[in-house]
Amino acid sequence: DTLCIGFWFNHGSRDEGEGEHGFSHFLEHMLFKGTRARSAFQIAQEIDRVGGMINAFTEKETTCLYVILPREHVRLAFAILSDMAADSVLDPAEMEKEKEVIVNEIGSVDDSPEEKGHEQYLRRMWGEHPLSRKITGEASEVKAISRPRLRAWLPT
């Protein structure tokens, strides 16, 4: 038997204020980069070692971290997710690397006619409402994310 355990945060891209666009998505990426107790490699290794899978996603209204693994390892899943959610180090060097990853991700979306059409649809439907914005933010916004601002923005 397997189980899926997830931590859902009632905090997504629509909750980002001016100068914070892309923070939810960026934070989702950074939560995998290590905690005070576990390196990024240890997070992946501990889940992989028991035949599990760990992942996350960001939406307009929520951010979710989740693990799928054999049910007898539920305590491990809870411990790792708790550690990631509450004790991420947000390493400045890792932040700079991840900015490039996300800027490339934004570029690949910009090259997709289907994605561009969906963006136009959202803009026409929602206008300037936060639900019309890209979950990823724009490349210039991602490049400007600082550790202190990201740490201050963390949902509690």
Of all the heavy-atom pairs spanning [X] and [Y], show the shortest one and how long it is.
X: Gly22; Y: Ile145; result: O-CD1, 4.3 Å
X: Arg133; Y: Arg14; result: NH2-O, 3.9 Å
X: Ala77; Y: Leu69; result: CB-CD2, 3.7 Å
X: Ser13; Y: Ile135; result: OG-CG1, 3.6 Å

Legend entry - Working for side-chain contact (heavy atoms from CB on, under 4.5 Å), residues Glu141 and Glu20: CA-CA 8 Å; Glu141 295 168 323; Glu20 298 172 337; over 6 Å; no
Pairs of donor and acceptor atoms involving the side chains of residues 48-55, under 3.5 Å and at least two apart or interchain, shall be tabulated with distances.
none

Legend entry - Donor + acceptor pair across side chains of Ser24, Glu16 (<3.5 Å):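 Indeed, the side chains of Ser24 and Glu16 share at least one donor-acceptor pair under 3.5 Å.
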Legend entry - Heavy-atom side-chain proximity of Lys33 to Val89 below 4.5 angstrom: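 Side-chain contact under 4.5 Å: no.
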Inset, instruction - Scan residues 27-51 for pairs that pass ring-ring contact (aromatic ring centres under 6.0 Å, His included), counting only residues two or more places apart or in two chains. - result: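 Sorted result for residues 27-51: His25-His29.
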Please identify each residue that fulfils ring pair (Phe, Tyr, Trp, His ring centres under 6.0 Å) with [X], with sequence neighbours left out.
X: Phe7; answer: Phe78
X: His73; answer: none
X: His21; answer: none
X: Tyr66; answer: none

Legend entry - Value rounded to 0.5 Å, distance of CD1 in Ile5 from CZ in Arg75: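 If we round to the nearest 0.5 Å, Ile5:CD1 and Arg75:CZ are 11.0 Å apart.
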Legend entry - Derivation of the salt bridge (charged side-chain N to carboxylate O under 4.0 Å, His left out) call for Glu138 and Lys134: CA-CA 7 Å; Glu138 298 294 343; Lys134 290 181 181 180; 3.2 Å; yes
Inset, instruction - Might you confirm whether atom CZ of Phe57 has over 12 heavy atoms from other residues, nucleotides or ligands at distances under 6.0 Å? - result: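 Yes - once you tally the heavy atoms of other residues, nucleotides and ligands closer than 6.0 Å, there are more than 12.
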Inset, instruction - Count the heavy atoms belonging to other residues, nucleotides or ligands that lie under 6.0 Å from CZ of Arg71, then report whether that count exceeds 12. - result: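 Counting other residues, nucleotides and ligands, CZ of Arg71 stays at 12 neighbours or fewer.
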Legend entry - Joint cluster assignment, Val74 & Leu65, ILVMFWY side-chain distance < 4.5 Å: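 Cluster IDs for Val74 and Leu65 match.
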Is the backbone of [Y] close enough, under 3.5 Å, to the side chain of [X] for a donor and an acceptor to pair up by distance?
X: Lys99; Y: Lys143; answer: yes
X: Ser132; Y: His129; answer: yes
X: Thr63; Y: His11; answer: yes

